[in-house]
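To start, the structure itself, in structure tokens.
Order of the sequence lines sets the chain letters (A, B, ...), proteins ahead of strands, with each chain counted from 1. No hydrogens, no waters, no symmetry mates; every other heavy atom, side chains included, goes into these values.
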Amino acid sequence: MKLYNTLTRQKEEFRPIEGNTVKIYSCGPTVYQYAHIGNMRSYIFMDILRRVLKYNGYQLKHVMNITDVGHLVSDADEGEDKMMKTARETRKSPWEIAEYYTGVFMDHIAELNIEKPEIIPKATEHIDEMLEFVEALVEKGYGYETSDGIYFDIMKFEGYGKLSGLDLEGQKAGARVDVNKEKRHPADFALWKKAPKEHIMQWPSRWGMGYPGWHIECSAMGRKYLGDEFDIHTGGVDHIPVHHENEIAQSEALLGKPAVRWWLHGEFLLVDNGKMSKSLGNTYTVTDLREKGYDPLAFRYMCLNANYRSKLNFTWDGLKAAQVALDRLIEAVVAHKNADPEVKVPDEIVQGFEKEFLEAINDDLNIPKAMAVAWNVARYGTKSQDLYRLLLKMDQVFALDFSKAAEKIKEETPELDPEILELIEQRQQARKEKNWKVADEIRDRLNEMGILLEDTPQGVRWSYKK
RNA sequence: GGCGCCAUAGCCAAGUGGUAAGGCACGGGUCUGCAAAACCCUCAUUCCCCAGUUCAAAUCUGGGUGGCGCCUCCA
């Protein structure tokens with residue numbers, strides 16, 4: 001299979017470094033607020049990567065960190081700690097906050113059918129590893145101490161900027177103001193920060209009480225669980241210039257060789273063609289989707305319909321279209337599921353579809369193309385359980401609950417309150433008497449109440465309007 | 001100012017040298033008392049503009065135009 005490596009800016013044939021196991025590190029959530037659907041898109045991308053690798057027969061050893069130690073509000077390592085800010089505002093301890101938001105995050109990724117990575121370490125439980133990492137860097141001459149912390153000296157590291165194509169001179173000449181005069185280069189970054197007394201989260205170190213810089217956790221935990229060299233590192237495109245550049249600098253400076261083979265980055269989700277931001281009030285969460293009547297999997301479907309390396313524009317209309325499409329796809333899957341077991345589809349047809357599907361997912365996770373194949377299977381003229389099995393196989397990658405949803409449709413006889421049941425009964429009576437006027441009036445009335453009626457050959461079916 | 005991405009039907013979106021996937025919406029049809037839902041059919045001679053390379057370009061090259069992201073915490 002081929003994957004696009006940000007480091008080389010091209011698709012490369014993927015082979016694990018060692019045997020059949022793929023070692024992956026994914027930048028995980030900072031748990032001091034709700035993760036929004038933009039964050040979720042990244043984890044859906046991470047999940048698709050996992051599933052495609054597994055489909056290809058690989059074993060996974062996958063680490064995703066939980067950042068439960070506060071990063072700072074601004075760069076240049078200044079300003080208030082984010083975790084502290086939330087703590088102050090909610091009068092809770094950082095630990096309580098982290099636990100709460102971690103729980104919500106786990107619920108949300110579960111609703112999106114995002115598989116949990118095998119190893120999910122918390123930053124606060126790996127302070128020792130981070131300190132060891134920092135100490136080793138200082139001993140090697142890559143770190144230096146200032147009055148407020150230990151910084152990484154990027155000029156000592158030759159490859160700095162290779163991931164993002166950063167022009168350090170250009171950066172220097174830019175509008176950016178260097179607020180920290182003790183730093184040797186404006187882009188030098190903190191490995192360890194000395195903590196002021198009021199800082200809630202702090203740990204002892206050889207430089208006194210302090211807390212880790214915001215890049216070190218990924219390097220330290222990745223190394224602990226995956227070793228000095230691992231296959232894939234994922235994250236959002238926003239991490240390319242600073243976070244991942246710094247990770248590369250730290251790890252490579254320490255090891256004397258690259259720690260990561262493939263850098264994979266997921267593009268942003270835009271909302272109404274612009275950036276998501278709290279000030280615009282468009283940082284929707286999975287909870288928001290559900291409250292508006294959408295299946296979180298409709299959002300997953302929406303994400304699957306676009307390449308992970310392209311920006312995707314989120315709109316409510318777009319989500320609605322995705323929900324309709326997903327519902328119909330499931331209906332089509334059910335038609336195959338209920339097909340006569342005697343009906344066969346020629347092997348070469350089934351295998352042809354399967355091959356097309358595999359080629360798509362193995363071409364840098366071309367899921368939109370794979371979905372097109374699934375649609376062609378779903379709408380194939382002959383309904384057959386051969387194709388149902390194929391669709392279930394494809395769903396190992398899509399994870400759109402083909403099988404579960406098919407069950408659900410079968411058993412759909414929800415509860416209704418008696419008043420509405422009575423109205424439906426009255427309408428049935430009117431229909432029997434061919435009193436269409438009354439029947440239609442009742443249907444309209446129910447419609448206004450948000451109940452949709454459908455007369456099917458099997459009887460009346462109702463549902464809540466979306 | 002620096003770095004990077006993108007531009008394909010009303011909308012979302014594949015395709016990166018060989019003659020335009022898929023989905024949503026629209027229109028037509030089947031079904032229905034009428035609807036709804038579902039299903040079937042239809043829907044880009046053309047890929048932002050201009051020039052070039054080529055037997056052949058949406059795909060490559062050069063130049064425009066437009067949009068977006070990052071450079072400040074961000075997925």
Side-chain angles (χ1 to χ4, degrees), chain A residues 6 9 26-30 32-33 35-46 70-76 78-82 85 161 164-177 187 214 234-243 265-270 273-278 283 301-302 304-307 309-315 317-329 331-332 334-335 356 360 363 366-376 378-379 381 431 434-437 439-440 443-444 447 452-457 461-463:
Chain A
T6 305
R9 310 263 158 189
S26 294
C27 284
T30 304
Y32 69 102
Q33 61 175 22
H36 53 66
I37 55 175
N39 301 120
M40 289 305 158
R41 185 186 183 201
S42 282
Y43 299 113
I44 288 172
F45 148 57
M46 169 189 97
H71 291 324
L72 296 172
V73 165
S74 83
D75 177 39
E78 294 292 321
E80 196 175 10
D81 181 297
K82 289 191 291 195
K85 188 163 175 277
S164 52
L166 265 186
D167 173 2
L168 287 178
E169 295 308 309
Q171 290 289 94
K172 233 172 171 176
R176 181 164 155 172
V177 181
W214 51 280
T234 76
V237 283
D238 54 315
H239 278 154
I240 298 171
V242 179
H243 184 51
H265 294 96
E267 251 295 353
F268 267 42
L269 183 75
L270 306 179
N273 260 313
K275 193 182 161 168
M276 253 188 192
S277 74
K278 277 197 168 167
T283 53
Y301 181 98
M302 191 181 190
L304 263 43
N305 198 35
N307 189 281
R309 287 195 288 120
S310 302
K311 290 178 189 68
L312 173 62
N313 187 29
F314 176 88
T315 59
D317 280 349
L319 184 63
K320 197 172 174 184
Q323 178 78 68
V324 171
L326 174 60
D327 290 347
R328 285 188 191 158
L329 183 58
E331 296 261 6
V334 172
E356 256 188 281
D363 181 15
N366 193 339
I367 306 303
K369 194 171 184 181
M371 294 257 285
V373 179
W375 271 104
N376 287 331
R379 294 229 157 124
R431 290 188 69 219
K434 298 201 191 293
N435 190 345
W436 310 125
K437 192 167 172 258
D440 290 353
R443 185 169 62 198
D444 290 347
N447 193 10
L452 216 65
L453 287 191
E454 293 165 32
D455 300 322
T456 73
R461 206 168 112 180
W462 72 273
S463 59

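At a threshold of 4.0 angstrom between heavy atoms, the contacts of His239(A) are confined to the sugar-phosphate backbone, with no base atom among them. Among the atoms of the strands shown, none is found under 4.0 Å from any heavy atom of Met46(A). Residue contacts shown for Leu453(A) include a base, since a base heavy atom lies under 4.0 Å away. Base contact: Ala372(A) has a heavy atom under 4.0 Å from a base atom. Residue-level contact check: Leu269(A) touches the bases, meaning some heavy atom is under 4.0 Å from a base atom. Across all strands, Gly38(A) comes closer than 4.0 Å to base atoms (heavy-atom distances).
Shown here are the side-chain contact (heavy atoms from CB on, under 4.5 Å) partners of Lys434(A), two or more places apart in sequence or in another chain: Trp436(A). Residues passing the side chain to side chain donor-acceptor pair (under 3.5 Å) test with Arg309(A), sequence neighbours excluded: Asp364(A). For Asp455(A), the side chain to side chain donor-acceptor pair (under 3.5 Å) partners are Arg427(A), Arg431(A), not counting sequence neighbours. Looking at residues two or more places apart in sequence or on another chain, you find no side-chain contact (heavy atoms from CB on, under 4.5 Å) involving Ala372(A). For Asn313(A), the side-chain contact (heavy atoms from CB on, under 4.5 Å) test picks out Leu270(A), Asn273(A), Thr315(A), with sequence neighbours left out. Looking at residues two or more places apart in sequence or on another chain, you find a side chain to side chain donor-acceptor pair (under 3.5 Å) between Tyr301(A) and Trp375(A). Under the ring-ring contact (aromatic ring centres under 6.0 Å, His included) criterion, His239(A) pairs with His243(A), His244(A), not counting sequence neighbours.
A 4.5 Å side-chain heavy-atom check between Met276(A) and Ile37(A) finds at least one atom pair inside the cut-off. Counting heavy atoms from C-beta on, the side chains of Lys369(A) and Glu356(A) never come closer than 4.5 Å. Between Ser26(A) and Tyr43(A), the closest side-chain pair of non-hydrogen atoms is not below 4.5 Å.
Rounded to whole Å, the P atom of G17(B) lies 11 Å from the corresponding atom of U61(B). Between the C1' atoms of G15(B) and A21(B), the separation comes to 7 Å (whole Å). Rounded to a whole angstrom, the distance from the C1' atom of A14(B) to that of A20(B) is 10 Å. Spacing between C60(B) and G67(B) at atom P, rounded to whole Å, works out to 23 Å. Of the P atoms belonging to C31(B) and A25(B), the separation is 22 Å, rounded to the nearest Å. Taking atom C1' on both nucleotides, G1(B) is separated from U8(B) by 33 Å, rounded to a whole Å.
The aromatic ring of Phe268(A) stacks onto the base of A75(B), its centre lying under 5.5 Å from the centre of the six-membered base ring with the two planes under 30° apart.
Pair assignment for G33(B): none, as no Watson-Crick or G-U wobble contacts are both less than 3.5 Å. Applying the Watson-Crick and G-U wobble criteria (two distances, each under 3.5 Å), C43(B) pairs with nothing in any strand. Partner assigned to G10(B) is C24(B), using Watson-Crick or G-U wobble distances below 3.5 angstrom. Across every strand in view, A51(B) sits in a pair with U61(B) that passes the Watson-Crick or G-U test at under 3.5 angstrom. Pair assignment for C70(B) gives G2(B), based on Watson-Crick or G-U wobble hydrogen-bonding distances that are each under 3.5 Å. Checking U19(B) for Watson-Crick or G-U wobble geometry (two distances, each under 3.5 Å) identifies no partner in any strand. Judged by Watson-Crick or G-U wobble contacts below 3.5 Å, the nucleotide A56(B) has no partner.
Listed pair Arg328(A) / C24(B) meets the phosphate criterion, a side-chain N or O lying under 4.0 Å from OP1 or OP2. Between Arg379(A) and the phosphate of G23(B), there is a side-chain N or O to OP1/OP2 separation shorter than 4.0 Å.
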| remark: Going 5' to 3' through nucleotides 7-16 of chain B and flagging B where a protein heavy-atom sits under 4.0 Å of the base, S where only the sugar-phosphate is that close, and - otherwise, we get -----BSSS-

What pairs of nitrogen or oxygen atoms, one from the protein and one from nucleotides 30-33 of chain B, lie under 3.5 Å apart?
from   : atom 1 : to        : atom 2 : distance (Å)
G33(B) : O6     : Arg431(A) : NE     : 3.4
G33(B) : N1     : Asp440(A) : OD1    : 3.0
G33(B) : N2     : Asp440(A) : OD2    : 2.7

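Distances were taken from every side-chain heavy atom of Asn39(A) (C-beta onward) to each of G22(B), A36(B), C74(B); the shortest belongs to C74(B). Among the nucleotides C70(B), A75(B), G69(B), the one closest to the side chain of Leu270(A) is G69(B). Proximity note for Lys275(A) (side chain, C-beta onward) versus A75(B), G69(B), G22(B): the nearest is G69(B).
With respect to the salt-bridge test (charged N to carboxylate O, under 4.0 angstrom), the residues Lys320(A) and Asp317(A) do not qualify.
Regarding Trp375(A), its CH2 atom lies at a distance of 9 Å from the C1' atom of G22(B), rounded to whole Å. Regarding His243(A), its NE2 atom lies at a distance of 15 Å from the C1' atom of C70(B), rounded to whole Å.
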